Amino acid sequence: MDKSAHIGAADSPVLDEIGVAAYQWAVRNGGLDAADPDRCADELGVRADELTAAIDTLNALHLLTPMAGSSVLLPNGPDAAIAALLGPTEDELRRAETELSRRRRNTEQVRSALSALSAVYFEARRQRNHDEAVDSLADKFAVRALLAELGANCRVELMACQPGGGRPPAALADALPRDLAMLERGVRIRSLYQHTARFHAPTQAYVEAVVEAGSEIRTLVELPGRMIVFDRQVAFLPHLRQPGGAVIVREESIVAHLCQSFEQAWANASEYRTGPLAAHESAEDIKRLITTLLGAGLKDDVIAKRAGLSVRSCRQHIAELLERLGARSRFQAGVIAARSGLLPPARPGALATETGDGVHGR
């Protein structure tokens with residue numbers, strides 16, 4: 001046995017080997033006389049002060065109980081000691097759990113009551129201005145809560161456009177159980193990523209999990225902008241001035257236009273694939289995009305954003321391109337590439353529009 005073991009709650013005393021031996025002795029002998037501990041100490045081969053300390057610990061742990069009107073300490077079974085030592089704490093935990101359950105029920109009741117007002121809210125907005133059914137949320141936590149609610153209520157289809165390369169691991173961890181639950185309900189999920197997401201390990205793991213469950217994922221070298229559309233009825237777009245915020249669109253004509261834009265991008269996209277061949281094809285598409293944007297005179301940070309790269313990686317690509325073309329400037333590299341016929345025709349899944357800004361709003 002270890003020299004010591006922690007018994008009971010975190011602030012309980014420590015029972016060591018001497019304490020265990022003294023407890024065993026008391027059980028075998030039907031008790032231990034605290035006024036005359038020498039017999040026990042002699043048989044155990046310990047000092048009197050060591051035995052006294054052990055007895056104090058056994059008392060504190062409710063393993064020994066004084067006999068009324070006597071100095072004899074009677075041994076208690078471990079179950080009785082646990083009940084005496086931890087009973088108050090367990091009672092307190094049960095009361096806390098009951099209160100937590102009550103507060104959860106109350107929270108769900110409030111959430112349900114307020115959520116029921118969403119239809120009233122948007123209908124009132126339509127009545128006030130029949131041409132407008134657009135709202136904005138600046139608070140990122142409110143956006144997450146509404147996304148979770150709409151995801152839980154999605155019944156037919158979800159379309160997502162996720163530019164910017166690989167997604168943050170925390171976002172993927174939040175999305176995975178929600179997406180798997182929708183797929184299990186029979187919801188069709190289609191997502192568009194940029195080619196650079198193929199080289200991001202957390203995104204690869206997420207894609208593998210959701211594709212196995214039935215999700216469809218394709219990639220493009222460049223995407224028009226971030227958006228999520230639920231059941232072709234509600235669309236989320238990034239808030240222009242509030243990072244993490246969103247614009248929520250329910251106006252059917254606007255949502256239909258966004259769905260059409262997604263379908264066009266989807267038709268030009270290629271299946272999310274990894275491996276050497278996919279990496280080569282993706283790299284060629286990314287180089288073609290960078291070359292085209294250099295020819296348009298765009299700055300490095302703009303090119304990096306549109307390609308889904310970090311600025312550092314983008315500049316490495318640009319440096320390699322300048323060296324390969326023998327160009328002295330970024331603009332000259334684009335012109336030389338165009339004049340030399342070094343820009344191959346776009347493949348399906350490659351650049352959809354060479355210099356158009358699309359619907360970015362990020």
Side-chain angles (χ1 to χ4, degrees), residues 122 131-137 143 146-147 150-151 154-167 171 175 179 182 187-198 203 207 210-211 215-272 282 285-286 288-289 292-293 296 298 302-309 345-362:
F122 283 104
D131 291 329
E132 180 185 10
V134 178
D135 201 4
S136 64
L137 291 175
V143 172
L146 186 55
L147 280 171
L150 291 174
C154 187
R155 290 294 175 265
V156 180
E157 182 181 23
L158 181 142
M159 294 181 287
C161 193
Q162 302 283 3
R167 296 175 64 192
D179 292 350
M182 283 191 287
V187 176
R188 183 187 186 190
I189 297 181
R190 289 186 293 165
S191 300
L192 283 170
Y193 289 83
Q194 288 187 263
H195 284 340
T196 47
R198 295 181 177 186
T203 302
V207 169
V210 295
V211 167
S215 182
E216 302 168 64
I217 297 181
R218 295 182 182 181
T219 67
L220 275 168
V221 68
E222 184 180 12
L223 293 178
R226 191 178 307 278
M227 69 174 177
I228 303 175
V229 184
F230 294 91
D231 288 335
R232 296 180 179 260
Q233 295 177 349
V234 185
F236 275 66
L237 300 176
H239 198 292
L240 182 62
R241 297 182 180 85
Q242 295 291 339
V247 174
I248 298 93
V249 182
R250 297 177 186 264
E251 204 287 319
E252 59 183 4
S253 297
I254 300 176
V255 174
H257 176 78
L258 293 172
C259 291
Q260 184 180 15
S261 298
F262 178 91
E263 294 291 1
Q264 290 174 348
W266 182 262
N268 288 321
S270 56
E271 182 182 357
Y272 185 106
S282 299
D285 288 340
I286 293 170
R288 181 180 185 278
L289 171 62
T292 302
L293 298 180
L298 300 183
V302 177
I303 296 174
K305 184 176 183 180
R306 289 180 59 169
L309 295 166
R347 299 183 297 99
L351 180 63
T353 58
E354 292 192 346
T355 57
D357 288 334
V359 185
H360 283 282
R362 286 190 293 164

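Both backbone and side-chain heavy atoms feed into the values below; hydrogens, waters and symmetry mates do not. These numbers come from a predicted model, not from an experiment. In this chain, residues are counted from 1 in sequence order.
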[X] and [Y]: which non-hydrogen atoms are nearest, and at how many Å?
X: Val255; Y: Gln233; answer: CG2-O, 3.7 Å
X: Ala175; Y: Arg167; answer: CB-NH2, 4.2 Å
X: Arg226; Y: Pro163; answer: NH2-O, 3.0 Å
X: Trp266; Y: Ile217; answer: CH2-N, 4.1 Å
X: Leu258; Y: Ala235; answer: CD1-CB, 3.6 Å
X: Ala265; Y: Leu220; answer: O-CD1, 3.5 Å

Measuring only between side-chain heavy atoms, which start at C-beta, is [X] closer than 4.5 Å to [Y]?
X: Gln162; Y: Ser191; value: no
X: Arg190; Y: Glu263; value: yes
X: Val247; Y: Phe236; value: no
X: Asp231; Y: Arg155; value: yes
X: Leu146; Y: Ile248; value: yes

Rounded to the nearest 0.5 Å, what separates atom [atom1] in [X] from atom [atom2] in [Y]?
X: Met182; Y: Phe230; atom1: CE; atom2: CZ; value: 6.0 Å
X: Cys259; Y: Glu252; atom1: SG; atom2: CD; value: 11.5 Å
X: Glu157; Y: Ile189; atom1: CD; atom2: CD1; value: 10.0 Å

**OP:** Evaluate the side-chain contact (heavy atoms from CB on, under 4.5 Å) criterion for residues Thr203 and Tyr193: first the C-alpha distance (whole Å), next the side-chain angles of each, then the deciding distance (0.1 Å), finally the verdict.
**Re:** CA-CA 10 Å; Thr203 302; Tyr193 289 83; 4.3 Å; yes

Subject >> Ion pair check, Arg198 and Glu271, cut-off under 4.0 Å >> reply: no

Original post:
Does Arg218 have any salt bridge (charged side-chain N to carboxylate O under 4.0 Å, His left out) partners at least two apart in sequence or in another chain, and if so, which?
Top reply: none

Original post:
Can you name the salt bridge (charged side-chain N to carboxylate O under 4.0 Å, His left out) partners of Glu216, sequence neighbours left out?
Top reply: Arg188

Original post:
Side chain of Gln194, backbone of Val221: donor and acceptor closer than 3.5 Å?
Top reply: yes

**OP:** Let me see the working for Ile228 and Leu150 under side-chain contact (heavy atoms from CB on, under 4.5 Å), right down to the final yes or no.
**Re:** CA-CA 11 Å; Ile228 303 175; Leu150 291 174; over 6 Å; no

